[in-house]
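Data first, discussion second: the structure below is written as C-alpha cells.
A, B, ... follow the sequence lines: proteins, then strands. Residue 1 opens every chain.
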Amino acid sequence: MDHEWDSRNNILKVAAPPGFDLAMTLECGQCFRWRREGDGSFTGVACGKTANVAQSGRELLFSIGSADEFEGFWMEYFDLGRDYEHIKHTLAEHDENMRRAVDYAGGIRILRQDPWETLISFIISQNANIPRIKKCIESLCRAFGEQITDGRGRMWHAFPTPEALGSCPEADVDHCRLGYRSGYVLETAAKVMEDGAGALAAARMLPGAEAEAYLRSFPGVGPKVADCVMLFGLGHYDRFPADVWIRRAMAAFYGFRESDARGIAAFAAAEFGPMAGFAQQFLFQYIRNTDSAVNASKGGSAC
DNA sequence: AGCCAGGCCCAAC
DNA sequence: GTTGGGCATGGC
C-alpha cells in the first residue's frame with residue numbers, strides 16, 4: 001500500500017481500497033467509540049491508541065502518533081488488506097436482496113476490534129439503542145479507563161482494563177447508568193480477570209462451537225452477543241448475529257418466523273458460509289437505513 | 001406519553 | 001426444547 005508521511009503534522013496519506021466507506025464503517029453499529037468531527041473526519045480510540053481519520057474519495061488521511069502505527073495497527077484494525085471485491089461479488093450474486101444490500105452497504109469493513117472491549121460493549125448493547133450504548137461505554141471509559149493524550153494535546157480515555165472493571169466497587173459503576181447490565185459487566189470482568197484476557201483472545205483459534213460455548217459462560221452473554229464478539233472481536237467471519245433487525249429482515253426477505261433463530265443460523269451457514277458475517281453487516285445497514293420492505297412491515301401493516 | 005431498543009435469564013410449559 | 005414475562009434506562 002502506498003504511503004505518504006507528513007512528519008510535520010503526523011499525517012499519513014494512504015490510498016483507500018476500492019469501495020471503502022469510512023463513515024459507514026464507523027457508524028454502522030459495530031463499534032461505539034468513534035465520533036464524527038465538524039469537518040466530517042472521525043476521531044476514536046482503539047486498543048489504547050487514538051486516531052483521527054478522514055476520507056476524501058479514494059484518499060485516507062490518518063492523523064496518528066507515528067508512521068509505523070499504521071502498518072503496526074490501524075491497517076489491520078480497518079481490515080484494509082482484505083479483498084472485499086470478491087466477497088461483495090459473491091454475495092451480490094446470491095439473490096436480489098443481497099445484491100441491494102451489497103450495493104448500498106458494500107463500503108463497510110468489519111473492524112478487527114479488541115475481544116475484551118467487544119465482549120463488554122455487546123453485553124451493554126442488549127435491549128438498548130446505539131446512542132445509548134455509546135453513552136454507557138464513554139461513561140465507563142471516563143470513569144475507569146487510562147488517560148491518553150493525542151498529538152494535539154487533547155485528552156482521551158482508553159477502554160478500561162479487565163482489572164480496572166473487575167475490581168472496582170459496584171457503587172462506582174452505578175453512575176455509568178448501565179441499568180440491569182452492570183451486574184453482567186462486573187461479573188464478566190471478574191471472570192476475564194480470573195481466566196486471563198489471553199483465554200478470551202485464544203477463542204480466535206477455537207472451532208466456532210467451542211468459542212461460542214466459552215463466550216456463553218460469561219453472564220449476560222447469549223447467542224446474539226456471542227456472535228457479535230466472535231464476528232467483531234475474534235475473526236469468526238462465518239457468524240451471523242441475529243438481532244431484532246436482522247430477524248425482521250430474514251422474515252421479510254426469506255420467509256422465516258422472527259423467532260426461528262435456528263433456522264436463520266442454518267440458512268446463513270448454508271447460503272453464505274464463511275462470508276455470513278459480511279452478509280449480515282451489509283444487510284443490517286441496508287435495512288436500517290433504507291425504505292425497504294422490512295421497515296414497511298414494522299408496524300405489522302404490510303400489504 | 002408510550003413504545004421500543006444490535007437480548008438475556010429463568011421459570012413454565 | 002420452546003415460549004413468555006421481567007428486566008433498568010433513555011431515545012425518539
Side-chain angles (χ1 to χ4, degrees), chain A residues 24-35 101 105 108 110-111 113 115 117-140 143 170-189 191 212-234 236-237 239-252 256-266 268 276-290 292 294-301:
Chain A
M24 203 176 275
T25 294
L26 295 177
E27 290 182 328
C28 71
Q30 63 176 319
C31 58
F32 305 104
R33 297 215 61 209
W34 290 86
R35 76 165 202 233
I108 293 176
I110 295 183
L111 301 172
Q113 301 183 69
E117 175 173 342
T118 312
L119 175 60
I120 296 300
S121 296
F122 281 93
I123 285 175
I124 290 170
S125 79
Q126 65 186 77
N127 223 43
N129 50 42
I130 292 174
R132 170 127 194 259
I133 299 164
K134 287 188 173 180
K135 285 183 182 174
C136 288
I137 292 172
E138 279 317 304
S139 175
L140 271 183
E170 278 192 48
D172 290 2
V173 185
D174 286 347
H175 90 277
C176 295
R177 314 297 294 170
L178 307 183
Y180 68 90
R181 307 164 193 80
S182 61
Y184 295 153
V185 167
L186 290 176
E187 289 171 39
T188 289
K191 181 162 154 53
E212 178 181 353
Y214 181 61
L215 289 170
R216 291 190 58 177
S217 71
F218 294 96
V221 178
K224 193 274 179 178
V225 170
D227 277 343
C228 284
V229 176
M230 289 176 72
L231 178 58
F232 301 134
L234 292 169
H236 286 266
Y237 294 107
R239 287 288 160 154
F240 191 82
D243 69 335
V244 292
W245 291 92
I246 287 291
R247 294 206 311 271
R248 228 171 255 159
M250 296 303 283
F256 287 94
R257 286 179 302 113
E258 289 186 23
S259 60
D260 186 11
R262 294 303 303 264
I264 290 171
F278 304 99
Q280 192 271 4
Q281 273 309 277
F282 298 155
L283 259 184
F284 181 75
Q285 181 73 4
Y286 172 61
I287 60 177
R288 282 180 53 102
N289 291 276
T290 64
S292 66
V294 177
N295 290 317
S297 64
K298 240 179 98 174
S301 60

Exercise for review: Determine the Euclidean distance between corresponding P atoms of B/dC8 and C/dG11; express it in Å to zero decimal places.
Suggested key: 22 Å

Exercise for review: Output the distance between atom CD (A/Gln30) and atom OG1 (A/Thr25), rounded to the nearest 0.5 Å.
Suggested key: 6.5 Å

Practice item. For C/dG5 and B/dC3, measure between their P atoms and round to the nearest Å. Key: 15 Å

Practice item. Quickly work out the A/Arg288 CZ to B/dA5 P distance and round it to whole Å. Key: 9 Å

Point to revise | Nucleotide B/dG6, atom P - distance to CD of A/Glu117 in whole Å | key: 18 Å

Practice item. Could you check whether A/Gly220 gets within reach of a base, just the sugar-phosphate, or nothing at all, counting any heavy atom under 4.0 Å? Key: sugar-phosphate

Exercise for review: Could you check how far CG of A/Leu215 sits from C1' of B/dG7, rounded to whole Å?
Suggested key: 15 Å

Point to revise | Distance, P atom - from B/dA11 to C/dA8, rounded to whole angstrom | key: 16 Å

Revision key, fill the gap. Exactly one of A/Gln280, A/Arg239, A/His236 clears side chain to side chain donor-acceptor pair (under 3.5 Å) with A/Asp227, and that residue is A/Arg239

Review point. Partners of A/Phe122 by ring-ring contact (aromatic ring centres under 6.0 Å, His included), sequence neighbours excluded?
Key: A/Phe32, A/Phe232

Review point. From A/Asp172 CG over to A/Leu186 CG, what is the distance, rounded to the nearest 0.5 angstrom?
Key: 9.5 Å

Review point. Whole Å only: how far is the CD1 atom of A/Ile120 from the C1' atom of B/dG7?
Key: 15 Å

Every protein N/O within reach of nucleotides 6-12 of chain C N/O, cut-off under 3.5 Å:
unit_1 : atom_1 : unit_2   : atom_2 : d
C/dA8  : O4'    : A/Tyr180 : N      : 2.9
C/dA8  : N6     : A/Asn127 : ND2    : 2.8
C/dA8  : N1     : A/Asn127 : ND2    : 3.3
C/dT9  : O2     : A/Arg132 : NH1    : 2.7
C/dG10 : OP1    : A/Arg177 : NE     : 3.2
C/dG11 : OP1    : A/Lys135 : NZ     : 2.7
C/dG11 : O4'    : A/Asn129 : ND2    : 3.1

Study note, to complete from the structure: note: A/Ile287, atom CD1; B/dG6, atom P; distance rounded to Å ~ 11 Å

Review point. Is there ring stacking between A/Trp245 and B/dG6, where the centres must be under 5.5 angstrom apart and the planes under 30 degrees?
Key: no

Practice item. Using the P atom on both, measure C/dG4 against B/dG6 and round to a whole Å. Key: 23 Å

Review point. Choosing from B/dG6, C/dT3, B/dC8, which nucleotide comes nearest the side chain of A/Pro223?
Key: B/dC8

Practice item. Return the minimal non-hydrogen interatomic distance between A/Val229 and A/Leu119, and the atom names on each side. Key: CG2-CA, 3.6 Å

Practice item. First locate atom CD of A/Glu138, then atom CZ of A/Arg33, and finally report the distance between them rounded to the nearest 0.5 Å. Key: 4.0 Å

Check your understanding: In whole angstrom, what separates A/Leu283's CG from B/dG6's P?
Key -> 16 Å

Point to revise | OG1-CD distance between A/Thr290 and A/Gln285, expressed to the nearest 0.5 angstrom | key: 9.5 Å

Check your understanding: Contact class for A/Cys31 vs. all strands (heavy atom < 4.0 Å): base, sugar-phosphate, or nothing?
Key -> nothing

Practice item. Output yes when A/Arg216 and A/Glu212 qualify as a salt bridge under the 4.0 Å nitrogen-oxygen rule, no when they do not. Key: yes

Review point. How do A/Val221 and A/Gln280 order along DNA chain B: which one's closest nucleotide is nearer the 5' end?
Key: A/Gln280

Point to revise | Integer-rounded Å distance: C/dG1 P and A/Asp260 CG | key: 16 Å

Point to revise | Distance-only donor-acceptor test, A/Gln285 side-chain atoms vs B/dG6 base atoms, 3.5 Å | key: no

Study note, to complete from the structure: Taken to the nearest whole Å, CD1/A/Ile246 to C1'/B/dA5 is 15 Å

